[in-house]
Number of protein chains: 2
Amino acid sequence: MVKRAGAVFLEGMGAAFATSGVLSQLQGRIFGLLYLEPEPVSLDDIADALDQSKSNISINIRGLVDWHLVRRVSVPGSRRDHYEAATDFWRVMQEIMERRFRWNLRQVIATCDETERTAAEGASSRDKERRFVDQRLDALRQFAAGVDAGIEAFSQGNAVSPDLMHGTPAKKRKKS
Amino acid sequence: MVKRAGAVFLEGMGAAFATSGVLSQLQGRIFGLLYLEPEPVSLDDIADALDQSKSNISINIRGLVDWHLVRRVSVPGSRRDHYEAATDFWRVMQEIMERRFRWNLRQVIATCDETERTAAEGASSRDKERRFVDQRLDALRQFAAGVDAGIEAFSQGNAVSPDLMHGTPAKKRKKS
DNA sequence: GTTTGTGTTTAGAATATTTCGAACATACTG
DNA sequence: CAGTATGTTCGAAATATTCTAAACACAAAC
């Protein structure tokens, strides 16, 4: 790799990953290194290049493989694991949308459900405060469900229009 | 607020926010509290309810206001600042997409540009390694630019189709 | 103009996360 | 089977983040 240019790239990827909320700075640097390297790189070489311990690279690279940003490949002459950067960013993005964003949205929905159930124990549904809470929970749940459906559609290759998720009030979002 | 139900909700929002990559657990709890509260709540009351110091709430609530998840309102009889949850989640989502995701994508693009510029200093463009690096940088930049354009379109209310950002090879993505 | 109520800043304590090196496990080599 | 090369796990050290209480700043009240 062209050395000085490489340093710029690693720094940049590190910063970008660090603020992404999904991966860490070091993972960004690892990816940056591999991405500019034509041949697969061994764990020790990565550790060397980034001035990190082998164990730290081992841990962090697992996350990268997990998100399909890096592939583990075996190199004929060597017993070591080697790694190369994936180039299918689209796939990575889908993975993140599925496993991070949608997971998060479902968590919100589940929380609304559970809260509503718990609230039902405490107060009658004619209670003014109870009605207020129910209405708020509904609004939030609906938003989350809408975005979730939108991402799902997008993942499957369909177009997503904002007002489909947003503008239309409630009943349009029925299952069928 | 219905007490037990509230606790469930705060916990859930805390967890959801914590894994969101944008806001913190505490900010999730603050939002959760305000969201189920019909009336604006003072800073000290929030600190009380969440068992946190006033200063901590002060710091954390600033982020919430920043992302438009919470509004500061003034309550007639009182000198204190009061806060209420915003209900326009759509707006919040746009804000996050603009200020977080797109910012991040631009950072990637800028890094590619700068790396390419730096690489140009070091090696001739006929150099095999140099060509490889250039090609990779192009691919990454193009992906980032595509997603960026997609989000922009979405923000403006237009539909976004995956293959527009992804499938079509390069030249379709011209400015006009 | 002093006092009182309020939000913010700050310095350090508490807590969580990252990183390292050593110990360990496993699989290949001879 | 003994020995070596390799990746992973583990406990401690280093670092970063979150949180608190006290000091501060500012405005309203008296």
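Here is how names work: the chains are called A, B, and so on, in the same order as the sequence lines, proteins then strands, and each is numbered from 1.
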d([atom1], [X]; [atom2], [N]) in whole Å:
X: B/Ile59; N: C/dA11; atom1: CD1; atom2: P; result: 13 Å
X: B/Ile30; N: C/dG7; atom1: CD1; atom2: P; result: 14 Å
X: A/Gln25; N: C/dT18; atom1: CD; atom2: C1'; result: 11 Å
X: A/Gln52; N: D/dA14; atom1: CD; atom2: P; result: 16 Å
X: B/Leu43; N: C/dT9; atom1: CG; atom2: P; result: 12 Å
X: A/Asp48; N: D/dG7; atom1: CG; atom2: P; result: 13 Å
X: B/Asp45; N: C/dT6; atom1: CG; atom2: P; result: 11 Å
X: B/Asn60; N: D/dT18; atom1: CG; atom2: C1'; result: 8 Å

**Item:** Steps toward salt bridge (Lys or Arg N to Asp or Glu O under 4.0 Å) verdict (A/Arg141, A/Asp138)
**Value:** CA-CA 5 Å; A/Arg141 179 170 30 217; A/Asp138 277 351; 2.5 Å; yes
**Message:** Base of D/dG7, side chain of A/Lys54 - is there a donor-acceptor contact under 3.5 Å?
**Reply:** yes
**Asked** Less than 3.5 Å between a donor and an acceptor, one on the side chain of B/Ser55 and one on the base of D/dA21, is that the case here?
**Response** yes
Are OP1 or OP2 of [N] and a side-chain N or O of [X] less than 4.0 angstrom apart?
X: B/Arg29; N: D/dT18; result: no
X: A/Ser58; N: D/dT8; result: yes
X: A/Arg80; N: D/dT4; result: no

**Message:** Distance alone, cut at 3.5 Å: any donor-acceptor contact between the side chains of A/Gln25 and A/Arg29?
**Reply:**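 A donor-acceptor contact under 3.5 Å links the two side chains.
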As a test of reading the structure: which of [options] is closest to the side chain of [X], going by heavy atoms?
X: B/Asn56; options: D/dG7, D/dT9, D/dC19; answer: D/dC19
X: A/Asp44; options: C/dT8, D/dT8, D/dG7; answer: D/dG7
X: A/Asp81; options: D/dC19, C/dG7, D/dG7; answer: D/dG7

**Request:** Mark yes or no: A/Arg99 above the aromatic ring of A/Trp67, with NZ or CZ under 6.0 Å from the six-membered ring centre and no more than 45 degrees from the axis.
**Result:** yes
**Request:** Would you confirm whether the ring centroid of A/Phe101 sits within less than 6.0 angstrom of the ring centroid of B/Phe101?
**Result:** yes
**B/Thr19 vs A/Asn104, side chain to side chain donor-acceptor pair (under 3.5 Å): CA-CA, chis, key distance, verdict** = CA-CA 7 Å; B/Thr19 53; A/Asn104 227 347; 3.2 Å; yes
**Request:** Determine the contact category for B/Arg79: base if any of its heavy atoms lies under 4.0 Å from a base atom, sugar-phosphate if only primed atoms, P, OP1 or OP2 are that close, otherwise nothing.
**Result:** base
